[in-house]
Amino acid sequence: MTGITKDSDEGSEGEQHGHGASDAGSDSSRRARRIAALRRVERSLSPAPRPETVRERLDRLVADAPTAYDLDKMTDVYANDDGIVGELERRTAEALGTEAAAVFPTGTMAQQVALRCWAGRTGNATVAGHPLSHLEMHERDAYAVVSGLRMVHPTSAPRLPTAEEIHGLQEPFGTLALELPLRDAGFVLPEWDELTAVVAAARDRDAVVHFDGARLWECGPHLGRTLPEITSLADSVYVSYYKSLDGISGAALAGSEDFVAEARAWRHRYGGQLFQQWPAALAALAGLDRELPRMPEYVAHAKVIAQALREGLTAAGVPWFRVHPEVPHTHQFQVWLPYPSEVLDEAVIRQAEESRTALFRGWFGGEAGETPGEPPKARPTPEVPGAAPELPRATPQLPRAASELPRVALRRRRHQRMSRTVRTVWVPGRGGAVSPRRAAR
């Protein structure tokens, strides 16, 4: 069973090896059991759900390499322009339609450098952003702690802000940061006219616009525009090489020549001038060649998978569930189920062991550290889209597999008290938030 899920986040490396956050306190035998079960999987929402060994990942990299870069060329040294990192920067700028791009070891560093550069250029250390943005949720307040910036929120609604909300901010701001898509709200995107209106509103406020585009690669189909058309709205854009392109690691910050030159200086100051990055650069080049052209197909097939999951969960008689968004905006979305994450984690392992099927690789709980009144979130780990010809053949099997997972979960849950807290899980994508009170009705 193949499907379309690809994603990860900095600080979540454990997911890539088949053990989610709920495994953090478990013993090594449970972790080994999870890895062993997932490595034997024959059907999944992705053809590559298996946790990989170092040798397997290296073999895959070598297999992808011949068409991506001349392996007889020398390795890079401190991101030299005439090496593989320089080639990746040129290819990235070309794909995005920007004057230049600079490779960064992490997206968090790229984001901080971008915001710091704009604060210096605008003379305003205030950033307008979303409370559910990656900047707020997953970077440990780096914009404030490291760079001394502050953030104001045009809206707290689980969507991108509107032009009216930008105009209505009561204080000046130097930079508007827009995450496209807004991951923790459901991988949601605005319509093209809404996006252009928001950017225009920021210009009216004498602010620059930065796109947190870690997953910008898959936004074109929903917005109905090419990547260069989308990036032309912004003054700077961050993209990730491993969130959609199956890279090993790394990110890029793109924009004008002078902006990228300044970003390179700050990259060095922040410790991002790595001695060698050729493995990550090679994987990123392969991803640009292989994955980027297939994004429209992945986005289209995500809609098919979302419908198949709804059919399977309905057939299973699940008391409450939600596929969000109902029609995915990108190739990623969320599935919410009314069972504790530890129960579903066990169900994932048992389903893999018993039927060699894996819809989801792992679930993230949320009992600790969650915002009061918000449902905890669970999600599967990063996966890679299947080969395009395989996707339609796999879909008919999906409803049955989806209906089996709750039954496996309930076998373990019978002796436990049913939780009324709504959990969330990522499948080919993630997103969204709804009130626990509404969800429990």
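- Side-chain contact between R60 and R57 is present, with heavy atoms from C-beta onward closer than 4.5 Å.
- Side chain of W217 to main chain of S240: a donor-acceptor pair is present (N/O by atom type, distance under 3.5 Å, no hydrogens or angles).
- Aromatic ring pairs are classed by plane angle as parallel below 30°, tilted from 30° to 60° and perpendicular above 60°; the pair F275 and Y78 is perpendicular.
- Scanning both residues, Y241 and A251, for their nearest heavy atoms gives CE1-O, 3.4 Å.
- Residues P190 and T162 fail the side-chain proximity criterion, which asks for heavy atoms closer than 4.5 Å.
- The local environment of CD in E229 is crowded, with over 12 non-hydrogen atoms from other residues, nucleotides or ligands closer than 6.0 Å.
- Using a 4.5 Å cut-off on side-chain heavy atoms (C-beta onward), L313 and V335 make contact.
- L216 has its side chain within reach of T231: a pair of non-hydrogen atoms, C-beta onward, lies under 4.5 Å apart.
- Within the 4.5 Å cutoff, no side-chain heavy atoms of L195 are placed close to those of L160.
- Within a 6.0 Å radius of CZ in R140, no more than 12 heavy atoms belonging to other residues, nucleotides or ligands are found.
- Ion pairing between a basic and an acidic side chain is recognised when a charged N comes within 4.0 Å of a carboxylate O; R121 and E262 show such pairing.
- D76 and Q277 share no donor-acceptor pair across their side chains, judged by distance under 3.5 Å alone.
- A salt bridge is absent between E353 and R350; no separation between the charged side-chain nitrogens and carboxylate oxygens falls under 4.0 Å.
- The distance from atom OG1 of T75 to atom CD1 of I84, rounded to the nearest 0.5 Å, is 9.5 Å.
- Not a single donor-acceptor pair under 3.5 Å links the side chain of R150 to the backbone N or O of A144.
- Between R264 and E89, at least one side-chain N (NZ, or NE/NH1/NH2) sits under 4.0 Å from a carboxylate O, which counts as a salt bridge.
- Minimum heavy-atom separation, A100 to E257: CB-OE1, 3.7 Å.
- The environment of CH2 in W192 is crowded: more than 12 heavy-atom neighbours from other residues, nucleotides or ligands sit within 6.0 Å.
- Comment: E326 does not engage R310 in a salt bridge, judged by the lack of any side-chain N to carboxylate O separation of less than 4.0 angstrom.
- With a 4.5 Å cut-off on side-chain heavy atoms, L288 and R91 count as touching.
- Nearest heavy atoms, A263 versus F104: O-CZ, 3.8 Å.
- Under the 4.5 Å side-chain criterion, counting only non-hydrogen atoms from C-beta, Q332 is not in contact with R183.
- H138 and H134 have tilted rings, their planes meeting at an angle from 30° to 60° on a 0 to 90° scale.
- Taking both residues in full, the closest heavy atoms of P279 and I248 are given as O-CD1, 3.6 Å, listed atom of the first, atom of the second, then distance.
- The distance from atom CD of E218 to atom NZ of K243, rounded to the nearest 0.5 Å, is 10.5 Å.
- Closest of all the heavy-atom pairs between G83 and Y69 is C-OH, 3.5 Å.
- A donor-acceptor contact under 3.5 angstrom links the side chains of Y270 and S147, judged on distance only.
- Between atom CD1 of residue I166 and atom CZ of residue R203 there is a gap of 12.0 Å, rounded to the nearest 0.5 Å.
- For the pair T98 (side chain) and L96 (backbone), a donor-acceptor distance under 3.5 Å is absent.
- Within 6.0 Å of CZ on R269 lie more than 12 heavy atoms contributed by other residues, nucleotides or ligands.
- V260 and G255 get closest at one heavy-atom pair: CG2-N, 3.7 Å.
- With sequence neighbours excluded, no residue forms a ring pair (Phe, Tyr, Trp, His ring centres under 6.0 Å) with H130.
- With no hydrogens or angles considered, a side-chain donor-acceptor pair links D258 and S256 at under 3.5 Å.
- Two residues are said to be in side-chain contact when any heavy atoms from C-beta on lie closer than 4.5 Å; M295 and L227 fail this criterion.
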